[in-house]
Amino acid sequence: RKQKQRKIRVNIMVLKEVWDSVNKMIEAGKKSDYINQLIQDDLAQKQRKEAWDYLENIRKTNPLVMTTEEIIRLKNYGRK
């Protein structure tokens with residue numbers, strides 16, 4: 001059974017033009033869900049970028065200790 005998510009009321013400022021577009025494009029009663037989804041998607045994208053940047057930093061600061069050829073040789077060791 002899906003639990004109902006707890007919601008809070010927030011007060012934010014948006015540009016009038018943006019709100020006018022939201023009112024035209026999103027039906028009444030769906031605006032909160034629409035905005036929540038946009039925020040969730042943006043936060044997920046930021047988290048993915050942070051993770052990518054972290055991994056890139058590790059790759060740059062910890063160079064490989066073996067060449068590709070050495071890795072393949074170890075992988076195939078004992079195979080005929």
Q: Before accepting this row, confirm whether a basic side-chain N of the pair Arg73/Glu70 lies closer than 4.0 Å to the acidic partner's carboxylate O.
A: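 Answer for the salt bridge query: no.
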Q: Within this structure, what is the NZ-OG1 distance for the pair Lys75 and Thr68, rounded to the nearest 0.5 Å?
A: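 Spacing of NZ (Lys75) from OG1 (Thr68) equals 13.0 Å.
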Q: About how many Å separate CG of Asn23 and CH2 of Trp19, when rounded to the nearest 0.5 Å?
A: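 Taking CH2 in Trp19 and CG in Asn23, the distance rounds to 5.5 Å.
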Q: What is the distance from atom CD of Glu56 to atom NZ of Lys49, rounded to the nearest 0.5 Å?
A: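 Nearest 0.5 Å value for the CD-NZ distance: 10.0 Å.
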Q: Do the side chains of Met25 and Val14 join up, straight or via other hydrophobic residues, at under 4.5 Å, putting them in one cluster?
A: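 Met25 and Val14: one cluster.
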Q: Among the clusters formed by ILVMFWY side chains lying less than 4.5 Å apart, do Leu55 and Val65 turn up in the same one?
A: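 Unlinked, Leu55 and Val65 end up in two clusters.
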Q: Is there a donor in the side chain of Asp41 and an acceptor in the side chain of Gln37, or the other way round, less than 3.5 Å apart?
A: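 Their side chains do contain a donor-acceptor pair, which is all the 3.5 Å distance test asks for.
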Q: Do Val18 and Met13 sit in one hydrophobic cluster, given that two such residues count as connected whenever their side-chain heavy atoms are within less than 4.5 Å of each other, even indirectly?
A: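 No, no single cluster joins them.
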Q: Would you compute the distance between atom CD1 of Ile71 and atom CG of Asn76 and round it to the nearest 0.5 angstrom?
A: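 Output value for this atom pair is 12.0 Å.
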Q: Hydrophobic cluster membership, with links at side-chain heavy-atom distances under 4.5 Å among I/L/V/M/F/W/Y: are Ile72 and Met66 in one?
A: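 No; Met66 is not reachable from Ile72 via cluster members.
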Q: How long is the straight-line distance from NZ of Lys7 back to CG of Asp33, given to the nearest 0.5 Å?
A: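 It comes to 5.0 Å.
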Q: Could you check whether Asp42 pairs with Lys46 (Lys NZ or Arg NE/NH1/NH2 to Asp/Glu carboxylate O, under 4.0 Å)?
A: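 Salt bridge present between Asp42 and Lys46.
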Q: Give a yes or no on whether Lys31 atom NZ has more than 12 heavy-atom contacts from other residues, nucleotides or ligands under 6.0 Å away.
A: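 Enclosed: over 12 neighbouring heavy atoms sit under 6.0 Å from NZ of Lys31.
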